[in-house]
2 protein chains.
Amino acid sequence: MLRDLELGAVRVHILHHAARAPVYGSWMFEELRRHGYELSYGTLYPALHRMEEQGLLKREDRVEGGRVRKYYTATERGRAELERARRVIRELHREVVEGEGPDPG
Amino acid sequence: MLRDLELGAVRVHILHHAARAPVYGSWMFEELRRHGYELSYGTLYPALHRMEEQGLLKREDRVEGGRVRKYYTATERGRAELERARRVIRELHREVVEGEGPDPG
DNA sequence: GATACGGATATCGGTAAACGATATCAGGGG
DNA sequence: CCCCTGATATCGTTTACCGATATCCGTATC
C-alpha cells in the first residue's frame, strides 16, 4: 500500500544525492538499502534511464578501479524537480505528521 | 516524475482523514484538490476499493440529503499502516528537507 | 592477444495500477 | 413515472514494477 510512497521517496533520494555529487547505480542501491528502501535493480536502472531521458539527470561514463560506472548528476531541471518534491514532502509532513491530534474542525 | 510520491501522499491523506471521521469519495476528492493533489475519479474510486479489500478501510453505505454515499473509516489495520506511513514521511523529511546543506560527508 | 573473471549495468515477460471518458446507480420533485 | 443530479463504478490503453537472467567491459593471467 505504501509502495508508491516508498518508490516516490526513492526518486527523491536519487535527486537529493545526485544534486550533491555524482552517483552510480549500485552505490545508490546500497545507499537506499541503508535507509531501509528495498528495491530491485530491475526497478532502479530503468528509473535512472527515465530520469535521464526526462532531463533530470545527466550521465557520464567513467572507469574507476577497473570498473565501468555510469555516474549521474542532477541537472538544473532535476534540482527544480527536487525543490518541488521538497514542497510536497513539507506539506505532507505538516498535514499528517505534525498535526496528528483529533480533527481540528 | 513525482507522480508516485503524490499518489502515495493521496493514500496517506485518505487514511489520515478516515482515521478521524468517515469520509466519502467525492468529498475526499475535493479535500485533496484543496491540498493541490490533482487526480481522477478513475484513480480515486479503485484506490478506495483496494484499500477496503486490503482491510485498511471499512465501508458503510448511507443516504444523506437524498444522496447515496459510501462512507469509509480506517480500521485498526489502516491505523497501523498510517503509523508506518508517518515513519516513512518523518525519515524522508529529515533526510531531504531538514538536511539540505552540502554533503556532510 | 585470447580467455576467464567479476563488478556493474541492461532487459524481458508477467502483473498491476493510473487515467479519463463514459456509464451506471439511486433518491426527490414535478 | 421519468428526468435531474450528485455520487459511484468501469473499461481500454498506457506505463511501471520486479526479479531472474543476460550482457557489457576493464583487468589479470597465461
Side-chain angles (χ1 to χ4, degrees), chain A residues 1-15 17-18 21-33 36-54 56-73 81 85 88, chain B residues 1-15 17-18 21-33 36-54 56-73 81 85 88:
Chain A
M1 219 286 295
L2 302 179
R3 197 57 188 154
D4 285 353
L5 190 68
E6 289 174 344
L7 288 172
V10 161
R11 284 182 177 72
V12 177
H13 268 94
I14 291 172
L15 280 179
H17 280 100
V23 299
Y24 62 96
S26 67
W27 178 86
M28 198 66 232
F29 183 84
E30 283 305 321
E31 173 70 12
L32 288 167
R33 265 187 58 77
Y37 295 100
E38 301 283 343
L39 81 165
S40 160
Y41 278 111
T43 301
L44 179 59
Y45 285 115
L48 289 171
H49 300 167
R50 248 176 285 126
M51 290 171 75
E52 191 199 357
E53 280 172 14
Q54 292 168 349
L56 303 173
L57 299 177
K58 77 172 187 311
R59 186 173 69 180
E60 175 196 3
D61 296 16
R62 291 191 211 165
V63 178
E64 272 180 12
R67 275 92 175 152
V68 182
R69 291 170 176 167
K70 317 289 177 77
Y71 279 84
Y72 292 91
T73 311
E81 202 68 357
V88 171
Chain B
M1 219 287 295
L2 303 179
R3 198 58 191 155
D4 285 353
L5 190 69
E6 289 174 343
L7 288 172
V10 161
R11 285 185 177 70
V12 177
H13 267 95
I14 291 173
L15 281 179
H17 281 101
V23 299
Y24 62 96
S26 66
W27 179 86
M28 197 68 231
F29 183 86
E30 283 305 322
E31 172 69 13
L32 288 167
R33 266 188 58 80
Y37 295 100
E38 302 282 343
L39 81 166
S40 159
Y41 279 111
T43 301
L44 179 60
Y45 284 116
L48 289 171
H49 300 166
R50 248 175 286 126
M51 291 172 74
E52 191 198 357
E53 281 173 12
Q54 293 168 348
L56 304 173
L57 299 176
K58 76 173 186 312
R59 186 174 68 181
E60 176 196 3
D61 296 15
R62 291 190 209 165
V63 178
E64 271 180 13
R67 275 93 176 152
V68 183
R69 291 170 178 168
K70 318 288 176 78
Y71 278 84
Y72 292 91
T73 311
E81 202 70 356
V88 171

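Just so we're on the same page: letters track the sequence lines, and every chain starts at 1.
A/M28 places its CE atom 16 Å from the C1' atom of C/dA8, with the value rounded to the nearest Å. In this structure, A/E38 atom CD and D/dG19 atom C1' are separated by 13 Å, rounded to whole Å. Residue B/E64 contributes atom CD, which lies 13 Å from atom C1' of C/dG27 at whole-angstrom precision. One can place CD of A/E6 at 14 Å from C1' of D/dC18, the figure rounded to the nearest angstrom. The separation between B/L48 atom CG and D/dA9 atom P is 8 Å, rounded to whole Å. Atom-to-atom, CD of A/E30 to C1' of C/dG7 comes out at 12 Å; the value is rounded to the nearest Å. Atom-to-atom, CG of A/L39 to P of D/dA20 comes out at 14 Å; the value is rounded to the nearest Å. B/F29 places its CZ atom 15 Å from the P atom of D/dA9, with the value rounded to the nearest Å.
Among the protein residues, A/L7 comes within range of the sugar-phosphate backbone only, with heavy atoms under 4.0 Å from sugar or phosphate atoms but none that close to a base. When heavy atoms are screened at a 4.0 angstrom cut-off, B/R11 is found touching the sugar-phosphate backbone but no base atom. Within the 4.0 angstrom heavy-atom criterion, no nucleotide atom of any strand lies near A/R62.
Side-chain atoms of A/E64 and A/Y71 include a donor-acceptor pair closer than 3.5 Å.
Contact annotation: B/Y41 side-chain N/O to D/dA7 OP1/OP2 distance is not under 4.0 Å. In this model, the phosphate group of D/dG6 is not approached by any side-chain N or O of B/S26 to a distance below 4.0 Å at OP1 or OP2. Residue B/K70 places none of its side-chain N or O atoms closer than 4.0 Å to OP1 or OP2 of C/dC25. The phosphate of C/dT9 (OP1 or OP2) has a side-chain N or O of A/Y45 nearer than 4.0 angstrom.
In this structure, the nucleotide among C/dA8, C/dT11, D/dA9 sitting nearest to the side chain of A/P46 is C/dT11. When distances run from any side-chain atom of A/S40 to the nucleotides D/dC18, C/dA18, C/dA10, the shortest one goes to D/dC18. Closest contact between the side chain of A/R3 and the listed nucleotides C/dA18, D/dA9, D/dC18 involves D/dC18. Considering only side-chain atoms of A/H49, the nucleotide from C/dA10, C/dT9, D/dA7 that sits closest is C/dA10.
Relative ring orientation between A/H49 and A/Y45 is described as tilted, the plane-to-plane angle lying within the 30° to 60° band. Below 30°, between 30° and 60°, or above 60°: for A/W27 and A/H17 the angle between ring planes is above 60°, a perpendicular geometry.
With a 6.0 Å radius and a threshold of 12 heavy atoms from other residues, nucleotides or ligands, A/R62 has its CZ atom above the threshold. Within 6.0 Å of the CZ atom in A/R3, the count of heavy atoms belonging to other residues, nucleotides or ligands exceeds 12.
Both A/G42 and A/R67 lie close to DNA chain D; mapped to their nearest nucleotides by heavy-atom distance, the more 5′-ward contact belongs to A/G42. Position along DNA chain D of the nearest nucleotide to B/R69 versus A/G66 favours B/R69 as the more 5'-ward residue.
In terms of heavy atoms, A/V12 sits closest to B/L5 at CG2-CD2, 4.0 Å.
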